[in-house]
Each structure stands twice: as structure tokens, then as C-alpha cells.
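The first residue of the sequence shown is numbered 1, and numbering continues consecutively from there. Side chains included, hydrogens not; waters and symmetry mates left out as well; all remaining heavy atoms used.
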Amino acid sequence: MILVTGATGHVGSELVRLLAAAGEPVRAMTRWPAQARFPADAEAVYGDAADPESLAAAFAGVGGAFLMSAQAVGTAPEPTHDLALAAAAERAGVRRVVKLSTLDGGTGDDPIARWQRTAEAAVTDPARGFAWTLLRPGRFMSNALQWAGQLRTGDEVAIPFADRPAASIDPSDLAEIAALALTTGEHTDAVYELSGPQSLTPTEELAVLGEVLGRDLRVRPVSTDAARAGMSRYGFPPEVVDAIMRRTLDGDRGSEVLPTAEKVLGRPARTFARWARAHAAEFPRP
Ligand SMILES: NC(=O)c1ccc[n+]([C@@H]2O[C@H](COP(=O)([O-])OP(=O)(O)OC[C@H]3O[C@@H](n4cnc5c(N)ncnc54)[C@H](OP(=O)(O)O)[C@@H]3O)[C@@H](O)[C@H]2O)c1
């Protein structure tokens with residue numbers, strides 16, 4: 001049995017679909033199992049990483065697990081959700097673990113790196129005995145879904161850092177890589193830094209989306225102060241906001257096209273245009 005956490009999310013939902021389609025016994029964890037729509041062959045299970053006791057039932061009898069956390073960096077003294085998930089996996093005797101981390105993971109020494117280092121170590125610690133794989137992707141193409149609300153009322157979208165390029169990745173490619181790591185045993189002890197196939201700015205991504213939707217979409221620039229205020233409203237403490245600003249504005253990390261996704265998948269990673277066509281129905285039409 002493979003347990004997928006974050007099973008209603010962009011990566012997890014696709015992973016559940018892939019595993020179920022391949023005939024793998026799969027259990028999909030969510031805090032809202034009654035509302036969730038999973039493939040008929042997948043078993044829905046309740047689990048909340050903020051409530052470690054709820055995880056024992058979710059992990060019972062599981063041989064492989066996909067672990068992700070939605071806990072925002074710095075909103076607790078340490079990544080308690082990652083720690084709870086890894087501890088539950090160990091207690092249940094899970095053998096194979098794929099963890100969704102983030103580009104550069106625990107490398108470096110800012111509050112984000114320190115948080116990710118603890119989160120990754122919870123899985124890679126040899127004492128846990130997992131056969132692990134770390135996925136470290138940069139920006140997700142699905143972040144463009146955040147524009148959908150603004151596109152309901154007009155053709156302008158306020159986007160911070162709209163001219164900073166990133167080689168964003170399709171979460172479906174991450175799901176496919178996770179499925180390979182969970183089912184083949186060929187990716188044990190691997191740390192995969194992952195990107196999509198093209199480096200595009202959000203302004204360029206918006207133009208591609210506009211073509212797909214048949215709309216002339218424009219960026220409304222967001223000042224640095226307004227971007228900082230938005231992050232604070234999201235719950236990030238000031239030192240994490242500073243770290244995000246430094247990571248976004250200094251250097252070009254995240255903009256390189258990395259070879260790993262294509263190597264692991266044996267085909268080119270999906271483009272933003274393909275993602276936009278696949279998700280067009282999630283955006284309002286004129
Ligand atoms: N977006 C990016 O650009 C980017 C880049 C690099 C890495 N990442 C990483 O990717 C992950 C996000 O993946 P995603 O986009 O697939 O997720 P997502 O679509 O944002 O969905 C979040 C998932 O987290 C689950 N969740 C929320 N709170 C939970 C809790 N207390 N206990 C258990 N599950 C909980 C939700 O499940 P329910 O609500 O159904 O319970 C949902 O399935 C994060 O770890 C992020 O750091 C993202």
C-alpha cells in the first residue's frame with residue numbers, strides 16, 4: 001500500500017491518479033475525506049499533520065509514502081508537520097519515502113534553509129531506515145492558478161516580481177517522478193533538483209496563458225513594499241519575508257533549466273503552454 005499525503009493538492013492528486021491507474025494499492029490522505037473526489041480504486045483516509053495522533057491510522061500497513069507539508073516556513077519554531085509525518089511513517093514501518101521539498105532544500109543558512117534542513121533530515125536520517133528520495137523543485141506552473149480570481153473581473157493581473165524568470169515545473173511531472181521513485185526502487189538516496197523545460201518570467205507566462213484563453217492579458221506591477229505586505233498577511237514572519245526577498249531578488253537561482261526531470265522521465269518535461277492548455281477550464285472565460 002502506498003500512502004499519498006497532500007492527496008488533494010496539485011502533485012498529490014495526480015500521483016493518486018497515476019498510482020491507481022497503474023493498479024497500485026493507494027491510500028489518499030486528506031483532512032476532508034468525505035468531500036474529496038479520488039479514483040474509485042483509491043482509499044480515502046483522514047489525516048492531519050497538525051494532529052499527530054490522527055496519522056497512525058493513515059500510515060497503518062503502508063509500505064511506501066509520499067510526504068509533503070503545507071505548513072508555511074517560519075509559522076512554527078520548527079517544521080512540526082514534516083516531523084510528525086516522518087515519525088508516523090517510522091512507527092508504521094514504512095520502507096520507501098518520497099519527500100516533496102523545494103529547490104536547494106536545506107542548503108544555505110537562512111531561515112528557509114534551516115527549516116528545510118530539519119524537514120529533509122526527518123526523512124534522510126539513517127536511524128529512520130527509510131529508502132528515501134528527495135524532490136527539490138523550483139516554482140510550480142500551478143502558481144498561475146492564483147491569477148484566476150483577478151481574471152474574473154478583468155484582463156489585468158497584479159503579479160509581484162513579474163520580470164524575474166523561473167524555469168517553472170508542471171506538478172504532473174513531479175507526480176510522475178514520485179510514482180517512479182515509489183514503485184521502481186531505482187531512485188533511492190537520490191536528491192533531485194528539478195525544473196521545467198523553459199525559463200519564463202511571469203509576464204511571459206501570462207502572455208502564454210492569454211493566448212490559450214484567447215484573451216489579451218496584462219501585468220499590473222506590484223511594488224516591493226506591497227509584495228512584502230502580501231507575504232506578511234500570508235503569515236510569514238519578518239525574517240522569512242527577508243529571506244524570500246533575498247532569494248527572489250539576488251542571483252538567478254530557479255531560472256536555470258535543470259536536466260534532471262528529463263533524465264528521470266526519459267522525455268522532455270512539460271512546457272508551460274501545455275500546462276495552460278490542460279488547465280484552461282480552471283480560468284474564467286471572457
Ligand atoms: N508552489 C510552488 O511554487 C512550490 C515550489 C517548490 C516546492 N513547493 C512545495 O510543494 C508543496 C505544495 O504542493 P502542492 O502544490 O501539490 O500542494 P497544494 O496544491 O498547495 O495542496 C496542499 C495540500 O496540503 C494538504 N494539507 C494542508 N494542510 C494539511 C495538514 N494540516 N495536514 C495534512 N495535509 C494538509 C491539503 O490537503 P487537505 O486540505 O485535503 O487536507 C492539500 O492536499 C509544499 O510543500 C511546497 O513547499 C511548492
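- Using a 4.5 Å heavy-atom threshold, the side chains of Leu100 and Val98 count as separate.
- In this structure, CG in Leu85 is found 9.5 Å from OG1 in Thr80, a value given to the nearest 0.5 Å.
- Remark: Ile177 CD1 to Lys263 NZ distance equals 12.0 Å, nearest 0.5 Å.
- Cluster annotation: Leu174 is not connected to Leu200 through the hydrophobic network of ILVMFWY side chains, with a link wherever side-chain heavy atoms come within less than 4.5 Å.
- At least one side-chain heavy atom of Asp189 sits less than 4.5 Å from a side-chain heavy atom of Trp132.
- Leu217 contributes atom CG, which lies 10.5 Å from atom CD of Glu211 (distance to the nearest 0.5 angstrom).
- Phe66 and Val26 fall within a single hydrophobic cluster, where Ile, Leu, Val, Met, Phe, Trp and Tyr are joined by side-chain heavy atoms under 4.5 Å apart, directly or via other members.
- With 3.5 Å as the limit, one finds no donor-acceptor pair spanning the side chains of Thr133 and Arg96.
- Thr203 and Asp163 share a donor-acceptor pair across their side chains, judged by distance under 3.5 Å alone.
- By the 4.5 Å heavy-atom criterion applied to side chains, Met141 and Arg270 are not counted as neighbours.
- The CZ atom of Arg37 lies 11.5 Å from the OG1 atom of Thr8; values are rounded to the nearest 0.5 Å.
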Ser172/Trp275 under side chain to side chain contact (heavy atoms under 4.5 Å, CB included): CA gap, chis, key distance, verdict: CA-CA 9 Å; Ser172 296; Trp275 178 89; over 6 Å; no
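- Atom CZ of Arg267 has more than 12 neighbouring heavy atoms from other residues, nucleotides or ligands inside a 6.0 Å radius.
- Residues Ser168 and Glu205 bring a donor and an acceptor atom of their side chains to less than 3.5 Å of each other.
- By the rule that hydrophobic residues join a cluster once side-chain heavy atoms approach within less than 4.5 Å of another member, Leu182 and Phe59 end up as members of separate clusters.
- Here the closest non-hydrogen pair linking Phe38 and Ala7 is CE2-O, 3.3 Å.
- Checked by atom type, the side-chain pair Ser195/Glu256 shows no donor-acceptor distance below 3.5 Å.
- Remark: His187 pairs with Tyr192 by the ring pair (Phe, Tyr, Trp, His ring centres under 6.0 Å) rule, at least two apart or across chains.
- In this structure, the side chains of Val4 and Met68 stay at 4.5 Å or more apart for every pair of heavy atoms.
- Residues Asp109 and Arg114 have side chains in contact (heavy-atom distance under 4.5 Å, counting atoms from C-beta outward).
- Counting only heavy atoms from C-beta outward, the side chains of Pro171 and Ser142 approach each other to under 4.5 Å.
- To the nearest 0.5 Å, atoms CZ (Arg215) and CG (Asp155) are separated by 4.5 Å.
- The environment of Glu282 atom CD is dense: over 12 non-hydrogen atoms of other residues, nucleotides or ligands sit within 6.0 angstrom.
- Residues forming a ring pair (Phe, Tyr, Trp, His ring centres under 6.0 Å) with Trp115 (at least two apart in sequence, or on another chain): none.
- Salt-bridge formation is detected for the pair Asp104/Arg253: a Lys NZ or Arg NE/NH1/NH2 atom is positioned less than 4.0 Å from an Asp or Glu carboxylate oxygen.
- Residues Arg274 and Asp170 are not in side-chain contact: their nearest non-hydrogen atoms beyond the backbone lie 4.5 Å or more apart.
- Cluster membership for Leu18 and Ile2, using ILVMFWY side-chain heavy atoms within less than 4.5 angstrom, is not shared.
- Among Ile112, Asp110, Ile244, the one residue that satisfies the side-chain contact (heavy atoms from CB on, under 4.5 Å) test with Val73 is Ile112.
- Taking each heavy atom of Arg27 and Glu43 in turn, the nearest pair found is NE-OE2, 2.9 Å.
- Taking the charged nitrogens against the carboxylate oxygens, Arg164 and Asp252 have no contact shorter than 4.0 Å, which rules out a salt bridge.
- A side-chain N or O of Ser101 and one of Glu120 form a donor-acceptor pair less than 3.5 Å apart.
- Cluster membership for Leu135 and Val94, using ILVMFWY side-chain heavy atoms within less than 4.5 angstrom, is not shared.
- Rounding to the nearest 0.5 Å places CG of Leu55 at 7.5 Å from CG of Asp48.
- Leu3 approaches Ala58 most closely through the heavy-atom pair CD1-O, 3.7 Å.
- A salt bridge between Lys99 and Asp82 is present, with a side-chain N of the basic residue lying under 4.0 Å from a carboxylate O of the acidic one.
- Under the rule for a ring pair (Phe, Tyr, Trp, His ring centres under 6.0 Å), the partners of Phe236 that lie at least two apart in sequence or sit in another chain are Tyr234.
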